[in-house]
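First comes the structure, then the notes that go with it.
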Number of protein chains: 2
Amino acid sequence: MTKKVFQRNTKQREVILSVLREADCHPTADWIYQEVRKTMPNVSLGTIYRNLKALTEAGLALELSYGSTYSRFDGNPETHYHFVCEDCGKVVDLEIDVAKELEEKVAKGIGAKVHDHRLEFYGVCSECLQKESKVN
Amino acid sequence: MTKKVFQRNTKQREVILSVLREADCHPTADWIYQEVRKTMPNVSLGTIYRNLKALTEAGLALELSYGSTYSRFDGNPETHYHFVCEDCGKVVDLEIDVAKELEEKVAKGIGAKVHDHRLEFYGVCSECLQKESKVN
DNA sequence: AAGCAATTAATAACTATTTACATTTTAGAT
DNA sequence: ATCTAAAATGTAAATAGTTATTAATTGCTT
């Protein structure tokens with residue numbers, strides 16, 4: 001609702017954000033935890049979760065939820081679209097033009113204030129398609 | 001991956017599906033549980049979850065995940081779009097044309113097989129906007 | 001009607017996430 | 001530099017949604 005503002009800068013948050021930004025996947029909280037531990041061995045998982053939540057609320061990261069398992073996080077807060085492979089679970093960024101104008105259309109349609117949208121495609125990625133064809 | 005097939009028809013699943021279809025909201029598992037209990041007092045929550053999962057896998061329902069809390073379910077498996085209110089959490093169906101052709105574009109772009117997509121808008125609904133303006 | 005396997009109710013277990021609390025750290029004032 | 005108050009961390013335990021287990025039940029086929 002109201003945007004999160006950080007009152008202090010911490011080494012932990014700095015590392016978490018850089019790990020998130022440099023990740024070429026869309027990592028889970030636990031993956032980030034393992035990564036951060038490499039340089040900060042006694043960081044706690046609670047700190048990871050606290051900061052991922054705070055970073056999301058601050059608009060510096062996105063939380064992606066697919067199904068009822070864990071969340072994935074995205075260090076690119078700009079609106080962009082994803083493809084999700086239903087076989088291996090991989091999440092890929094797509095290079096499609098973002099249709100910001102749709103938000104205004106929806107806003108007018110239902111009298112709401114719209115400030116973001118997400119578009120996600122589901123299917124089977126090229127790697128998994130290959131594997132399948134080899135098996136059969 | 002492979003589509004779920006039901007081997008038996010059960011009263012429980014029948015009631016769950018009809019509750020889901022007649023719901024004017026996008027209910028949580030627990031909401032459905034409470035509803036089903038009105039006519040089947042000793043249905044178990046496990047049965048609700050098991051059937052919601054099975055119905056989703058069978059293509060008769062959708063699982064909607066927002067953030068790291070509970071899932072919501074949708075008894076309309078046809079591709080359609082949603083608006084999510086970030087204040088009250090309400091999920092509303094939108095009457096926007098579905099852009100199925102985008103799926104082919106993505107499929108070509110990354111060499112994947114794409115069989116569905118989801119488009120969700122985030123913001124503040126008209127009711128919450130009104131409440132806010134009264135408070136301030 | 002009988003038999004078998006799928007499904008259920010009940011309950012325990014699991015796992016991702018959150019939180020309480022004592023301690024440490026940060027940033028600004030002195 | 002030092003001090004101070006608030007913020008953030010680490011540790012550990014709690015929470016909550018979901019899934020697994022097991023014995024009992026119930027659809028469905030013959």
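In what follows, chains carry the letters A, B, and so on, assigned in the order in which the sequence lines appear, proteins first and then strands, with residues in each chain numbered from 1.
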Measure [atom1]/[X] against [atom2]/[N] and give the value in whole Å, please.
X     : N      : atom1 : atom2 : value
B:L55 : C:dT7  : CG    : P     : 12 Å
A:N51 : C:dT26 : CG    : P     : 13 Å
A:L64 : C:dA16 : CG    : P     : 17 Å
B:I16 : C:dT8  : CD1   : P     : 7 Å
B:E63 : D:dG17 : CD    : P     : 14 Å
A:I32 : C:dT17 : CD1   : C1'   : 14 Å
B:E14 : C:dA6  : CD    : P     : 21 Å
B:R8  : D:dG27 : CZ    : C1'   : 5 Å

What nucleic acid atoms does [X] come within less than 4.0 Å of, heavy atoms only: base, sugar-phosphate, or nothing?
X     : result
A:N9  : sugar-phosphate
A:T28 : nothing
B:D30 : nothing

Picking from [options], which would you name as closest to the side chain of [X]?
X     : options                : answer
B:Q7  : C:dT8, C:dT17, C:dA6   : C:dA6
B:Y49 : C:dT17, D:dA8, D:dG17  : D:dG17
A:N42 : D:dT11, D:dT19, C:dT19 : D:dT11
A:Q12 : D:dT9, C:dT17, C:dT8   : D:dT9

State the SG-CZ distance between B:C25 and B:F73, to the nearest 0.5 angstrom.
12.5 Å
Residue pair B:T69/A:T10 against DNA chain D: nearer the 5' end by closest nucleotide is A:T10
Least distance between heavy atoms, A:P27 atom then A:L20 atom
CG-CD1, 3.9 Å
Which heavy atom of A:V43 sits nearest to which heavy atom of A:I48, and what is that distance?
CG2-CD1, 4.3 Å
Any side-chain N or O of B:R50 under 4.0 Å from OP1/OP2 of C:dT8?
yes
Below 4.0 angstrom from OP1 or OP2 of D:dG17, is there any side-chain N or O of B:S71?
no
Go through the side-chain N and O atoms of A:E63 and A:T56 and say whether any donor and acceptor fall under 3.5 Å apart.
no
A:E95 side chain to A:Y81 side chain, donor-acceptor N/O pair below 3.5 angstrom
no
Let me know, please, whether B:F6 or B:P41 comes out on the 5' side of the other along DNA chain C by nearest nucleotide.
B:F6
